[in-house]
Amino acid sequence: MEDTLTDSSYLILLALLQPQHGYAIMKQVSAVTNGTMSIGPASMYTILKKLQKSGYITLEENDERKKIYLITELGLEVLERDINRRKLLYQAGESLVAEKRRAENDY
């Protein structure tokens, strides 16, 4: 898996800043996005497997046989880099749109 995260992978890693099981991850993603984004079980478990294979998360089973996912140090580093990348994209977009609006107002 490359260091650039999809939106779904990004949101799952954010949710896993605290150890959680699958259903809690889905609820967290919905809560963080104010209900504007949801990840279904099939997609989420596919992404979880990819994140696990990449070493970004680990899996533990607890006494109730629930699968608890945890972000790794590598996953945290990738998440931090992706946050910075997203900030740059946001700032570039905001700046270019503002520049366009100013140019339109000058006419």
Side-chain angles (χ1 to χ4, degrees):
M1 187 175 225
E2 58 190 52
D3 283 357
T4 301
L5 301 171
T6 64
D7 289 345
S8 295
S9 294
Y10 173 79
L11 290 167
I12 288 172
L13 285 178
L14 282 178
L16 290 176
L17 289 172
Q18 296 183 358
Q20 299 197 60
H21 56 83
Y23 181 68
I25 294 169
M26 289 189 295
K27 284 178 47 179
Q28 181 79 18
V29 166
S30 182
V32 165
T33 62
N34 295 320
T36 61
M37 187 166 174
S38 64
I39 301 173
S43 296
M44 185 191 60
Y45 286 108
T46 298
I47 294 166
L48 287 170
K49 285 180 187 176
K50 289 179 183 176
L51 293 172
Q52 199 175 352
K53 185 176 178 183
S54 298
Y56 299 168
I57 65 171
T58 59
L59 171 64
E60 292 181 2
E61 284 194 34
N62 68 10
D63 295 340
E64 299 149 16
R65 298 174 64 85
K66 279 189 179 175
K67 293 179 178 181
I68 304 295
Y69 297 90
L70 310 137
I71 193 167
T72 63
E73 183 59 35
L74 175 60
L76 187 56
E77 290 169 12
V78 168
L79 180 61
E80 288 173 326
R81 281 195 300 271
D82 203 68
I83 288 169
N84 289 329
R85 181 187 69 83
R86 289 169 186 267
K87 281 182 190 175
L88 288 172
L89 293 174
Y90 171 82
Q91 291 166 348
E94 185 178 49
S95 174
L96 290 169
V97 168
E99 187 178 305
K100 171 74 171 160
R101 293 292 184 206
R102 280 193 300 276
E104 287 175 351
N105 290 334
D106 289 342
Y107 285 109

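Just so it is clear, the values below take in all heavy atoms, side chains as well, and ignore hydrogens, waters and symmetry mates. As the structure is a computational prediction, the values presented were derived from the model and not from experiment.
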Visitor: Do you know the tightest heavy-atom contact between Val29 and Ile12?
Guide: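 It is CG2-N, 4.3 Å.
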Visitor: Side-chain contact test, heavy atoms from C-beta onward, threshold under 4.5 Å: evaluate it for Tyr10 versus Leu79 and give yes or no.
Guide: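 Yes, close enough: below the 4.5 Å cut-off.
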Visitor: Quick one: does Glu104's side chain get under 4.5 Å of Arg101's, heavy atoms only?
Guide: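 Yes - at least one pair of side-chain heavy atoms lies under 4.5 Å apart.
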Visitor: Are Leu70 and Ile57 side-chain neighbours, meaning at least one heavy-atom pair lies under 4.5 Å?
Guide: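 Result no, sub-4.5 Å side-chain heavy-atom pair not found.
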Visitor: Has the side chain of Thr36 got a donor or acceptor atom that lies under 3.5 Å from a matching backbone atom of Thr33?
Guide: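 Yes: the side chain of Thr36 pairs with the backbone of Thr33.
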Visitor: If you take all heavy atoms of Leu74 and Ser54, which pair is closest and at what distance?
Guide: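 Nearest heavy atoms, Leu74 then Ser54: CD2-O, 3.7 Å.
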Visitor: Assess whether side chain to side chain contact (heavy atoms under 4.5 Å, CB included) is satisfied between Leu16 and Leu48, documenting all intermediate values.
Guide: CA-CA 11 Å; Leu16 290 176; Leu48 287 170; 4.2 Å; yes
Visitor: Show, in sequence, the C-alpha distance, side-chain angles and deciding distance for Tyr69 and Leu51, and conclude whether the side chain to side chain contact (heavy atoms under 4.5 Å, CB included) test is met.
Guide: CA-CA 10 Å; Tyr69 297 90; Leu51 293 172; over 6 Å; no
Visitor: Roughly how far, to the nearest 0.5 Å, is CD of Gln52 from OG1 of Thr58?
Guide: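 Those atoms lie 7.5 Å apart.
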Visitor: Answer yes or no: is there a side-chain heavy-atom contact under 4.5 Å between Arg86 and Asp7?
Guide: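 Arg86 reaches Asp7 side chain to side chain.
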Visitor: Testing the basics here: between Lys67 and Leu59, what is the closest heavy-atom pair and its distance to 0.1 Å?
Guide: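 The pair with the smallest heavy-atom distance is CB-CD1, 3.3 Å.
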Visitor: Please report the closest heavy-atom contact between Met26 and Pro41, naming both atoms and the distance.
Guide: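 Met26 and Pro41 have their closest heavy atoms at SD-N, 3.7 Å.
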Visitor: Might you point out which heavy atoms bring Ala15 and Gln28 nearest each other, and give the distance in Å?
Guide: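 Closest heavy-atom pair between Ala15 and Gln28: CB-CG, 3.5 Å.
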Visitor: What is the distance from atom NZ of Lys100 to atom CG of Asn105, rounded to the nearest 0.5 Å?
Guide: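 Spacing of NZ (Lys100) from CG (Asn105) equals 11.0 Å.
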Visitor: Does CD belonging to Gln91 count more than 12 external heavy atoms closer than 6.0 Å?
Guide: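 Yes, the 6.0 Å shell around CD holds more than 12 heavy atoms from other groups.
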Visitor: Looking only at non-hydrogen atoms, find the nearest pair between Leu13 and Gly75 and report the distance.
Guide: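 That closest heavy-atom pairing would be CD1-O, 4.2 Å.
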Visitor: How about Ser8 and Met44: do any of their side-chain heavy atoms sit closer than 4.5 Å?
Guide: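 In short, these two side chains do not touch, never coming nearer than 4.5 Å.
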Visitor: So do the side chains of Leu11 and Ile25 get within less than 4.5 Å of each other, counting heavy atoms only?
Guide: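 Sidechains of Ile25 and Leu11: no contact.
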